[in-house]
Structures are given as C-alpha cells and as structure tokens.
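Residue indices begin at 1 and follow the sequence shown. We count ligands from 1, going down the list as the structure has it; atoms in each ligand are counted the same way. Below, all heavy atoms of this structure are taken into account, side chains as well, without hydrogens, waters or symmetry copies.
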Amino acid sequence: MGLLKVVDFAGLLVAMLLLFTVLLMGSVSGIGVNWGTQATHPLPPAIVVKMLRDNGIQQVKLFDADSTTLNALKNSGIQVMVGIPNDMLYTLANSVQAAEKWVAKNVSAHISSNGVDIRYVAVGNEPFLTTYNGSFEAITLPALQNIQSALTKAGLSSQVKVTVPLNADVYESPNTLPSSGNFRANIQALMVQIVQFLNANGAPFTVNIYPFISLYDDPSFPPDYAFFNGYSSPLNDNGRIYQDMFSANYDTLVWALQTNGYGNMSIIVGEIGWPTDGDINANLQNAQRFSQGFMSRYLAGQGTPMRSGPLDAYLFSLIDEDAKSIQPGNFERHWGMFYIDGTPKYQLSITANSNGLVAASNVPYLAQQWCVMSPSASLDDPQVGPTVSYACANADCTSLGYGTSCGSLDARGNISYAFNSYYQIQNQLASACRFSNLSVVTTTDPSTGDCKFRIMINVPTALQSTSSSVGSLKQPVGLLLFLSLLILSIL
Ligand SMILES: *[C@@H]1O[C@H](CO)[C@@H](O)[C@H](O)[C@H]1NC(C)=O
Ligand SMILES: *[C@@H]1O[C@H](CO)[C@@H](O)[C@H](O)[C@H]1NC(C)=O
Ligand SMILES: *[C@@H]1O[C@H](CO)[C@@H](O)[C@H](O)[C@H]1NC(C)=O
Ligand SMILES: *[C@@H]1O[C@H](CO)[C@@H](O)[C@H](O)[C@H]1NC(C)=O
Ligand SMILES: *[C@@H]1O[C@H](CO)[C@@H](O)[C@H](O)[C@H]1NC(C)=O
C-alpha cells in the first residue's frame, strides 16, 4: 500500500513535469516559415504539413486563408498567420459586414470546429510598396480597423492579433545611420496612425527585410554586408556597431518607432531569406550562407544592437513557387528552402538539434522522362525561335541566363531546357513535346552539374493552377524582355 502511494506520487510528479515542459515549449515558438502557393503544381497541403512537423517548424505564415490549406493544419500544433490579399482590402475597408464575413468564414470557423491555431491576421501584403503608387494607402487602415472590430465581435481579440506585413521601404534614414530612422516622408502620418492602432490592440509591427534585394539593386553594395559573417568596414552609429545589413535595417525601424513614441512595440520579421537561382547572386552557396547566418543568430537568441533579445521571424520561403510573377526579377520563383517537390536545397539547421532540412515524404512524381531538342533538328530551323518563346512564356525559363544554375548550357541545351520545362508543367502530355518536330522524349536525364532538368510532381489536377495563369504574362514587360533576350541569344 505504502509503496504504491510512493509510486503514484512519483508518477504524478513525472506527469506534472511533462505538462510543464509541454506548456513551456508551447510558449517558445521557434522559427516560422512563409508558405506561398503560387505554383503550377503545389505540393498537397497534407504533405506540406507533415514536412513542417518533420522539420520542427511551429509557425506558418500564409498569404490567404485557403480552406484546403487550413484544413490540413487542423490539430497540427502549428501556429498560423492567415493573410488577406491586397485586392480584398477595398471591400473590407468599405464594409464592416464583409470584414465580419471574412472573419467568420476564414478565422472563427477554423478555430472553433477545426482546431486550427490561428494567431494572426495579416491585413494586406506590403500594401505601401512604392510600385503600387499609393493605391492602398487610403484603405489599409480602415480594413485593419474593420477586421479588428470583427475579431473583437467574434470574441477572438485576445487570441488573434491583426498586423500588416510591410516592406522595409516604409522607413528610411537620411544618412544611413539607424538612429536617424523615421517613416518614409510621404506616408509618415499614415504610418504613425497604423502604429498607434496596432499598439492600442496589442498587435505587432511586421516588416520584410531583404539584404538580397539591396545587393541586386545596387552593384556597389558590399556583398559581405548582406551576410552575417562580419564586415570589415562596419557602420558605427554612436558606438553601436553594425556588421550586417539586416541589423542596421531592423534598428532603423526600432528608431522610427521610438522617435514616434512607440519604442516598445513588438516586431515580427515577416519575411527573410535568399533566393537560389535566376541571378548571379542567387545561388545555393549564398542562400545557405545567408540563411544559416541568420538562423545561428536566431537560435542563439541574439537580436540587434537596439533589441538584443530573441527575434521573431518567418523565413521566406518554404517551397519554390514557379507561377510567381518575375516582374521583380527572375529570382522571384526561387526563394524556397525546398524545391517544388519538397526536397531540401541546401544544408540548414533551423532548430537547436536539427541535422539539416528533412525532405517531404511520399511525394508522387511523373515518369522519369524528359522532352529535349531532337538530335536531328537543326539550330537554324526557323521554328526554333517561336517554339522556345512559346515554351518559356508558358513554363519557367528563369534558370537560364547569366550566372544562373543552367547559365552555361550551350544553345541546344537552352532549347532543350525550355522544351522540357513546358513538357513537365503540362504533366508530360505527349502533345506537349511536339515542337514542330524539333523535340523528342528521352529517358536519359539531361541534367548536368547544378543544372537540373526536373521531373514534375504528380499532383491532382484540382490543385494545379491553369496553364493560362502561369505564363499568361501577368507582368508582360519583364517576361517579354527576358524572352526577347533569350531568343536573341539563341538566334
Ligand atoms: C476567405 O478567404 C478566401 C481565401 O483567401 C477568400 O477567397 C474568401 O473570399 C474569404 N471569404 C470571405 C467570406 O471573405
Ligand atoms: C504606377 O505608375 C507608373 C507610372 O505612372 C505606371 O507605369 C504603373 O503601371 C503604375 N502601377 C500601378 C500598380 O498602378
Ligand atoms: C519600455 O519597456 C521598458 C522595460 O520594459 C520600460 O522601462 C519603459 O518604460 C517602456 N517604455 C515605454 C515607452 O513604454
Ligand atoms: C513532322 O514530321 C512528320 C513526319 O516526318 C511530317 O509528316 C510533318 O509534316 C512534320 N511536321 C512539321 C510541323 O514539320
Ligand atoms: C542560353 O540562354 C541564355 C538565356 O537567354 C543566354 O544567356 C545564353 O547565352 C544562351 N546560351 C547559348 C549558347 O545560346
């Protein structure tokens, strides 16, 4: 009897310790990732959720509130930021009912009946980018207010916080020193109103910071300053030393907030990462260097000179998206830590005891076959130009070009790459490898070195975006420019 009691007591103690550990772990959330789905063949959500769990990822940020995605996240233990696309802001800003409907359908329903752990609603995505010409300036705050009221009315305001993911171009420093940071002059008053509103609702400021873009935009930007390994001419801001651009940029925001009276506002880094293809600086080595540099700092709980504590951040991004607009640049389809099929691109530790990224499991592929230029076809055939341009317009040729993974292919290799990309995106339909008799299907992998001729994954057609939305020139200027360069270089 007495012995039994002791055992019971010990058991109880163990159970309590376990519970305590679980509670403690629940509050330490770990790194988040952005899960975008602008792909011709998105991996099925259930496979992605398993991959997130296998990688110890506990937070995801979505760009919409797609119900298939949210259903896959139910009871996963993963915390979720759902998103409202910019094109919905107008409606939500002008109608309280629309906001209530949005919250009822896309937040409340998933929380109450599906056990989805929604923590944030991202209202808009970088709505104040200068390239939008101010189109969303008048409607973002009203949309934010309406979504907040709807959350409050639904009784969710303490569990679910609103925020607006903003590009780092909403603040600036006239002399590049973080301590001179303030919001961009033309939206200064608006930014202060938004910050005031977020603060009043206990909501965080969300910012996307991209050292890669700084390097891409400015040839004189010192490459080492984009990474986290130290930079020989650091920035000295009144004794605060900046050896990496991320910290200087983040602290410019901290100063902008402080200058306007909100120095304690919590900050989420909504997107941070490095692309692996489509530009001379976008490659596996640089992406690994950047991401591991960031993760090492993150895992050490090290912040910036102004905010030394742990960072809150979402890596950009989880998986490549081959249907994204390439208007920002050809790198835009290559931000993933994983390829389209869920295989990791490089070695990266994103949790304290990880041994690298874990691939998606049970991924179905199409057959091991490729479409290439027929050995008997001639480079001088007048159909070469038009067929390649057709293939690239409707598929993905962003891995061709100077400094990219397939940048050193010869002319025949270039043509084969274009044909194969189209063939795979068209699910290896026989009719998708009939480029005026210039092409042929082969079972020999044409890949060489880093230049991969990929086999597409075999996903239900229901998940696939229609081929017209892929190459359909959402951003015709960039694509056409790229195509004419491609054609010129081939002919
Ligand atoms: C819920 O979110 C989805 C996906 O973002 C969107 O298409 C839909 O319109 C939203 N529902 C409502 C009622 O606003
Ligand atoms: C912004 O303005 C420029 C120049 O006036 C124009 O070319 C572009 O299409 C505009 N963009 C949007 C999103 O309105
Ligand atoms: C910010 O937080 C610190 C420490 O928690 C506190 O001492 C300070 O008064 C706060 N400042 C503001 C402006 O709330
Ligand atoms: C392709 O080749 C076949 C057989 O050699 C021929 O009949 C056909 O006209 C060719 N098609 C084109 C578009 O050149
Ligand atoms: C292959 O295409 C790329 C992209 O247009 C071009 O830069 C390269 O020069 C081409 N190579 C050959 C040998 O045509």
Per-pair distances, ligand 1 N/O vs protein N/O, less than 3.5 Å:
| from | atom 1 | to | atom 2 | distance (Å) |
| --- | --- | --- | --- | --- |
| ligand 1 | 2 (O) | N106 | OD1 | 3.2 |
| ligand 1 | 2 (O) | N106 | ND2 | 2.3 |
| ligand 1 | 5 (O) | A65 | N | 3.2 |
| ligand 1 | 11 (N) | N106 | ND2 | 3.1 |

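- Remark: R184 is not positioned above the aromatic ring of F128, lacking an NZ or CZ atom under 6.0 angstrom from the ring centre and at most 45 degrees off the axis.
- Using the six-membered ring where Trp is involved, F294 and F290 have ring planes that are parallel, under 30° apart on the 30 and 60° scheme.
- For K452, the salt bridge (Lys or Arg N to Asp or Glu O under 4.0 Å) test picks out no residue, with sequence neighbours left out.
- Residues forming a side-chain contact (heavy atoms from CB on, under 4.5 Å) with V358 (at least two apart in sequence, or on another chain): D54, N55.
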Let me check something: any side-chain donor-acceptor pairs from residues 140-150 under 3.5 Å, sequence neighbours excluded? List them with distances.
| from | atom 1 | to | atom 2 | distance (Å) |
| --- | --- | --- | --- | --- |
| T140 | OG1 | F136 | O | 2.7 |
| N146 | ND2 | L92 | O | 2.8 |
| N146 | ND2 | A93 | O | 3.2 |
| Q148 | NE2 | T152 | OG1 | 3.3 |
| S149 | OG | Q145 | O | 2.8 |

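- Taking the six-membered ring for Trp and the full ring otherwise, the centers of Y346 and W274 sit at least 6.0 Å from each other.
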